[in-house]
Amino acid sequence: MPGKKSVIEIRGARVNNLKNVDVDIPRDSLVVVTGLSGSGKSSLAFDTLFAEANRRYVESLSSYARNFLDGFEKPEVDAIHNLSPAISIDQKSVSKSPRSTVGTMTEVYDYLRILYAKMGHPHCPTCAKPLKRKSVRAILEELLTFPDNTPLIFLAYSKTLEEKTEREALSLVNAWGYVRVLFHGEVLPLAEALARASATEISNIGVIVDRLTIDLARPDKERIIDSLQTAFRVGSGTLFLRVNGSGEERVYNEEYRCEECGLGVPELTPSHFSFNSPEGACEKCAGLGVTLEFDPELIIPNKNLSIAEGAIRPWSKMNSDRQASHGPMQWLRDLSRRQRFSLDVPIKKLSSKQYRSIVFGEEEKREDAFPGVISLLERKYRETKSDHLRAEIEAYMLTKLCPACEGKRLKKSSLAVLVNGVSLHEVVSLSVEKFLIALKPLKEKLLKEGEKDMVDPLFREMETRMRAVEKVGLGYLELSRSADTLSGGEAQRIRLSVQMKSGLSGIIYVLDEPSVGLHSRDTEKLIHALEDLRAANNSLVIVEHDVAIMRRADYIIDLGPGAGSEGGEIIFSGTPDKLLRSTLLTGQYLSGKRKVSEKKKARALGKEAITIYGAKEHNLKNIDVKIPLGMLVAVSGVSGSGKSSLVHDILSRALAKHFYHAKAEPGKYKKIEGLGNIDKVISVNQDPIGRTPRSNAATYTGVFSLIRDLFAATGEAEREKYSASHFSFNMRGGRCEACQGGGLKKIEMYLLPDVYVPCEVCQGTRYNQKTLSIEYRGTNIAQVLRMTVTEARSFFLDQPMIEEKLRVLDEVGLGYLVLGQSATNLSGGEAQRIKLATELARKSTGKTLYILDEPTIGLHFEDVRRLLEVLEALVDKGNSVLVVEHNIDVIRAADWVLELGPDGGESGGEMIFSGHPEKLKTCKKSFTAKYL
């Protein structure tokens, strides 16, 4: 056991399902916490260790500062000794805002903005010519190179005088206090010009700001500077200098200005390059790069219907009110009279002019012209305060690339600023790897232009940040990649790279499966990054199932022996070597004594398949992909090789559009053949099943509705005339009204964090006494919600429909889950398995295609084995399963493997292997081969 001070001592931890656990965690080491799903790993690492470190830090702040922070309750633990500040890097708390990009998350974009503001060369956004300007000092220096006694006239044209008549203009100049003007090409005293001025002609009058003669012996610099500044002010940034002796006229601009187009660009600042600031953001899309546009196909999806039958989808609700004498339907009636068509004729029989008038409005300009369905919907969308109505209207809109900036997010004037001939958008379109290669020549070029003091620190910062991102295996990401398109693992690793850059020491880092979504090759890079953090005297506590990381750990803590109420105990703590020699499940899987899949032979290739031709989305290189049906097919490849682009962006969306008329547009491809071989598609991803504490596994899978029906059918409930909705904690009637069915009440503490306590009326049961008095076999509805899936399954054994849904939850490894557990407390892997169980409980047609996105995330070897059994059973019934996966055990157990690669980003996007996993081992191009 390590020395006394070199361990973090946890004594009597009872958070969630932990059973009064005592454990010592070595400091300055890489410690892996592993165990079955639901065995209490996160409860120990995050809810005990991190929560207590965080609480102690917050308690050290003033009560005023604490008032602004969320509640940090003391975890249920007797004592934790030798604790230091902790930073948690999990997958849930990363910003998913479309306004964040890889560049902004790593702060490299901020440095690029400074670089472009200080060293960028502005060009005209219309004619692309370089824009010129001169400072007052530079003009002064130029004037002092003129010959001695050169007479000069400082002249400016004011915008205020442009639309005025000659007489009005001269009166204004008089009011400003100037005594001479340039009038019809002559320099005249103001009085003489007024005498000749017309009362009707529009003026083109120049204001003479000053006249002087250069005296090189004693130049009056102050007067020259004052005259230049005044002329710039009067002429809105432009002045004309008449060099009298030669009659030559020179033009100077204070701001960048294009001589040909007359366009001016103000002084550049970093905010001119920020898409989150009004100075830099494209005005059309407000810096998002995409706009929400109404789609006529979604507004009138069925052209066989007439308007009277509800062809206009958003207005079909109004058709009961067809005879209304006002509103949109009345306007349409007037339009039909004017354009001579009937509201009872199917839309497809109308002329194109009539159709366009309905959708986009009449072309004729008249007072009572019909503005068009889209225009009316736009007005409603702008004016409404209701989020519900907005969401309803958004169902008829599509996200499209912004036509003004073409997805580049910035104003045209900002995009026309070049450094070394390249715009900011071209730089952020590079992947991290390519950006690092481009940095060196760019730095050398800029150093030649001078400004060493600025170039050196900027480039040093950008390089260290990008090297850290490359180190955690994300070199394939573009800097412009939006945060809402990153997977949980990618976002978590970006945060890890930012921590590596921070150079802190003595910190406890608590990580939640950092290897998620990483190919075995990239896991190597990640391990080196973690070892760098450890080398800086930090302690790493990692919840992880990855074999490579577990083998390289200094210490492993295994929780178990089961999940839920059967877990919560420390069944092993020690070095990886000691675990390999043990008889524990984890040890046997690590040493290879136990295998995840005992499958002897892959299924033979059948005739049926789905083929995608010409896939070009993101980095896919116009590839054709044949996906065999009736098999378990794995899609593998290094991170960024194009797996998600192929399976999610193209296949999943194209099938959803084909079978369910979904509105999300699939990625670029030529055609898909073989859709007739399946009759439905089910995609299961990692998104949460609900964002409020009111949704849980029982409500999501639909099993709770069946349980409520059962309670409503009891004799007692029938006597009281209680329907099934009476047993819902979201509806008035049966729920406890004190906490509105939440079970908890928020107590707002003055100057302290809010505290949640069980509701004193219902004691946290969510229901009122009358509802709780109704029992089914001696158990009330609240007690059912407190059962685990396994307990509920044996309780409802004689109810086949309920038992069936619970059986599938049990089979995918969720037997430990409490039925009423809030959806907000579920991990991404648990949410995905609940969705999978919900789909599996439905009757299979035997011609269904299941698409799963890394279903093994968060799963222990034993859980992976159970999941594979479920998937194999699906295929045995004739269905097809397509899995995007990095887990070597799943790839090994598949019947067919499609490998994309050979590398990530630009170097990926090709199909490098298609065949049985056995043959993949000999594929030279494949990185997966050497791990198999």
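Note that these values count all heavy atoms, side chains included, but never hydrogens, waters or copies made by symmetry.
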Whether the side chain of [X] engages the backbone of [Y] through a donor-acceptor N/O pair (distance < 3.5 Å, no angle test) should be reported.
| X | Y | value |
| --- | --- | --- |
| His916 | Glu918 | no |
| Glu885 | Ala634 | no |
| Asn538 | Leu533 | yes |
| Asn879 | Leu874 | yes |
| Glu854 | Val516 | no |
| Arg493 | Pro514 | yes |
| Asn17 | Gly564 | yes |
| Asp22 | Gly12 | yes |
| Arg603 | Val875 | no |

Determine whether the side chains of [X] and [Y] contain a donor N or O and an acceptor N or O closer than 3.5 Å.
| X | Y | result |
| --- | --- | --- |
| Thr928 | His519 | yes |
| Thr34 | Thr586 | no |
| Tyr816 | Gln821 | no |

Sub-4.5 Å side-chain heavy-atom contact between [X] and [Y]:
| X | Y | result |
| --- | --- | --- |
| Asp863 | Arg833 | no |
| Arg552 | His528 | yes |
| Leu871 | Tyr850 | no |
| Glu569 | Pro561 | yes |
| Asp78 | Arg14 | yes |
| Leu18 | Val77 | no |
| Asp522 | Lys525 | yes |
| Leu580 | Ser591 | yes |

Thinking salt bridges, do [X] and [Y] make one under a 4.0 Å N-O criterion?
| X | Y | result |
| --- | --- | --- |
| Arg521 | Glu524 | no |
| Asp810 | Arg807 | no |
| Asp532 | Lys471 | yes |
| Glu59 | Arg56 | no |
| Glu869 | Arg865 | yes |
| Arg55 | Glu52 | yes |

(request) Please work out whether the ring planes of Tyr589 and Phe861 are parallel, tilted or perpendicular, with thresholds of 30° and 60°. (result)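 Parallel, since the angle between the ring planes stays under 30°.
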
Of the non-hydrogen atoms in [X] and [Y], which two are nearest, and what is the gap between them?
| X | Y | answer |
| --- | --- | --- |
| Ser515 | Asp546 | OG-CB, 3.6 Å |
| Arg27 | Leu83 | NH1-C, 4.3 Å |
| Val498 | Met105 | CG2-O, 3.8 Å |
| Ser539 | Asp28 | OG-N, 2.9 Å |

What distance do [X] atom [atom1] and [Y] atom [atom2] have between them, rounded to the nearest 0.5 Å?
| X | Y | atom1 | atom2 | value |
| --- | --- | --- | --- | --- |
| Leu809 | Leu836 | CG | CG | 9.5 Å |
| Ser573 | Leu579 | OG | CG | 10.5 Å |
| Ile542 | Ile89 | CD1 | CD1 | 9.5 Å |
| Ile891 | Ser520 | CD1 | OG | 7.0 Å |
| His886 | Ser639 | NE2 | OG | 4.5 Å |
| Ile549 | His545 | CD1 | NE2 | 11.5 Å |

(request) Only pairs at least two apart or in different chains count here, so list each salt bridge (charged side-chain N to carboxylate O under 4.0 Å, His left out) that has a residue in residues 571-584. (result)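 Matches after skipping sequence neighbours: none remain.
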
(request) Sequence neighbours left out, what pairs pass salt bridge (charged side-chain N to carboxylate O under 4.0 Å, His left out) with at least one residue falling in residues 31-43? (result)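 Sorted pair list comes back empty.
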
(request) Name all residues meeting the side-chain hydrogen bond (donor to acceptor under 3.5 Å, both in side chains) criterion together with Glu791; count only those two or more places apart in sequence or in a different chain, and write none if there are none. (result)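 If we apply the side-chain hydrogen bond (donor to acceptor under 3.5 Å, both in side chains) test to Glu791, skipping adjacent residues, there are no hits.
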
Could you go through residues 500-511 and list every donor-acceptor pair under 3.5 Å that involves a side-chain atom there, pairing it with any protein atom two or more places apart or in another chain?
| from | atom 1 | to | atom 2 | distance (Å) |
| --- | --- | --- | --- | --- |
| Ser502 | OG | Gln499 | O | 2.5 |
| Ser505 | OG | Ala536 | O | 3.0 |
| Tyr509 | OH | Gln499 | OE1 | 3.3 |

(message) If the condition is salt bridge (Lys or Arg N to Asp or Glu O under 4.0 Å), which residues does Arg694 pass it with, not counting sequence neighbours?
(response)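 Salt bridge (Lys or Arg N to Asp or Glu O under 4.0 Å) list for Arg694, sorted by chain: empty.
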
(request) Return the set of residues passing salt bridge (Lys or Arg N to Asp or Glu O under 4.0 Å) with Lys599 (not counting sequence neighbours), or none when no residue passes. (result)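 If we apply the salt bridge (Lys or Arg N to Asp or Glu O under 4.0 Å) test to Lys599, skipping adjacent residues, the hits are Glu872, Asp895.
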
[X] atom [atom1], neighbour heavy-atom count above 12 within 6.0 Å:
| X | atom1 | result |
| --- | --- | --- |
| Tyr931 | OH | yes |
| Lys930 | NZ | no |
| Lys19 | NZ | yes |

